[in-house]
Enquirer: 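Below you will find the structure I want to go over with you.
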Amino acid sequence: MLVAAAVCPHPPLLVPELAGAAAAELDGLRAACAAAVGALRDAGPDVLLVVGGADQDVTYGADAAGSLAPWGLDVRTGRGEPVLPLSLSIGRWLLERERLTASAFHAVSFDAAPAECAALGERLAAAAGRVAMLVMADGSACLTEKSPGYLDPRAQPYNAAIVEALARAEAPALAELDAGEAAGLWVAGRAALQVLGGAASPLNGEILYDGAPYGVGYFVARWTG
């Protein structure tokens, strides 16, 4: 049963070493992520799972490592050969900052069908009596003219719908996110969010951060009992 969840974005610049002189610009986002991840520890879970988008579905063990070398600097998370995709590498980095260890890492394909995501969420929630989940999910990258996907007028309402669903801890609203529209709006976190929707049990939601400092929607939420 899911007893707690945290939702965080996964931009490489979240890691101060990659941001360099601009690191302070994301201090508020980092603080919000720390608070959300801390709620997972406070829930006293039996297992802690990390879910994030990737090019393909892969499950990694607790010892899986990641590197941010493809994004400019070889910052490592974990030991051994780096295998984790960006979303899960940032997820592991966030956990390590709070001295937490994941039980497993689950990469879900960016284009996974909503029903597949929900089914995965159900399986993960049944993994133990008390399950906590860290969900790595970026919003739309089409929010402004300087966004990676340029400005799309549909992006703001789509992003706002995600934030509202997270604030209310409404699993059905996450399940209803349109996969095709998400792809067109460069919403990297759609599949991971729908895994959360499939795992959800009655919890209370809270938004700790909602912004788009680089034209990409970043939001931080925590779901607790």
Side-chain angles (χ1 to χ4, degrees), residues 1-10 14 32-54 56-66 76-110 112 114-138 165-166 169-172 174-175 189-206 208 219-225:
M1 177 179 178
L2 186 73
V3 297
V7 177
C8 297
H10 50 78
L14 195 61
C33 289
V37 171
L40 304 181
R41 177 183 54 240
D42 296 343
D46 299 319
V47 298
L48 172 53
L49 307 175
V50 184
V51 177
Q56 59 185 349
D57 297 332
V58 183
T59 295
Y60 302 93
D63 59 347
R76 297 290 181 104
T77 58
R79 299 179 179 179
E81 185 68 21
V83 295
L84 296 176
L86 173 62
S87 63
L88 299 181
S89 294
I90 297 295
R92 177 153 194 160
W93 180 81
L94 288 173
L95 291 180
E96 289 178 352
R97 292 180 77 217
E98 300 303 313
R99 299 182 181 179
L100 290 172
T101 302
S103 305
F105 297 86
H106 297 271
V108 58
S109 174
F110 291 122
E116 296 174 3
C117 298
L120 174 59
E122 291 177 6
R123 292 197 300 272
L124 297 183
R130 296 180 63 82
V131 177
M133 187 178 294
L134 172 58
V135 179
M136 307 304 298
D138 287 358
L166 293 175
E170 289 184 346
L174 294 178
R190 188 274 309 170
L193 289 169
Q194 291 188 314
V195 173
L196 172 61
S201 54
L203 295 170
N204 299 309
E206 181 182 6
L208 303 180
F219 32 75
V220 179
R222 59 185 172 196
W223 290 8
T224 56

Enquirer: Taking C-beta and beyond as the side chain, do V51 and V108 meet within less than 4.5 Å on heavy atoms?
Expert: yes
Enquirer: How long is the straight-line distance from CG of L95 back to CG of L48, given to the nearest 0.5 Å?
Expert: 5.5 Å
Enquirer: Please check: side-chain N/O of D46 versus main-chain N/O of R130, any donor-acceptor pairing under 3.5 Å?
Expert: yes
Enquirer: Do any side-chain atoms of residues 115-126 form donor-acceptor pairs under 3.5 angstrom with protein atoms, and if so which ones, sequence neighbours left out?
Expert:
none

Enquirer: Where do A104 and H106 come nearest, in terms of heavy atoms and distance?
Expert: CB-NE2, 3.8 Å
Enquirer: Looking at A32 and V220, what are the two nearest heavy atoms and their distance?
Expert: O-CG1, 3.5 Å
Enquirer: Please report the interatomic distance CE(M133) to CG(L40), rounded to the nearest 0.5 Å.
Expert: 10.0 Å
Enquirer: What's the spacing between R222 CZ and D42 CG if we round to 0.5 Å?
Expert: 9.0 Å
Enquirer: Is there a side-chain contact between R97 and V37, using heavy atoms and a 4.5 Å cut-off?
Expert: no
Enquirer: Specify the closest pair of heavy atoms between A4 and A39, including all atoms of both residues, with the distance to one decimal.
Expert: CB-O, 4.3 Å
Enquirer: Side-chain donor-acceptor contacts of residues 81-93 below 3.5 Å, not counting sequence neighbours, with atom names and distances?
Expert:
residue, atom, partner, partner atom, Å
S87, OG, G53, N, 3.4
S87, OG, G53, O, 2.7
S89, OG, L84, O, 3.2
S89, OG, P85, O, 3.0
R92, NE, E96, OE2, 3.1
R92, NH1, A62, O, 3.0
R92, NH1, A64, O, 2.4

Enquirer: Kindly say whether P202 contributes a backbone atom to a donor-acceptor pair with the side chain of W223 at under 3.5 angstrom?
Expert: no
Enquirer: Looking only at heavy atoms, what is the nearest atom pair of P9 and C33, with distance?
Expert: CD-SG, 4.0 Å
Enquirer: Any idea which heavy atoms bring A165 and L174 closest together, and the distance?
Expert: CB-CD2, 3.9 Å
Enquirer: If every non-hydrogen atom of A221 is compared with every non-hydrogen atom of L166, which pair is closest and at what distance?
Expert: CB-CB, 4.0 Å
Enquirer: To the closest 0.5 Å, what do you measure between CZ (F105) and CG (L49)?
Expert: 10.0 Å
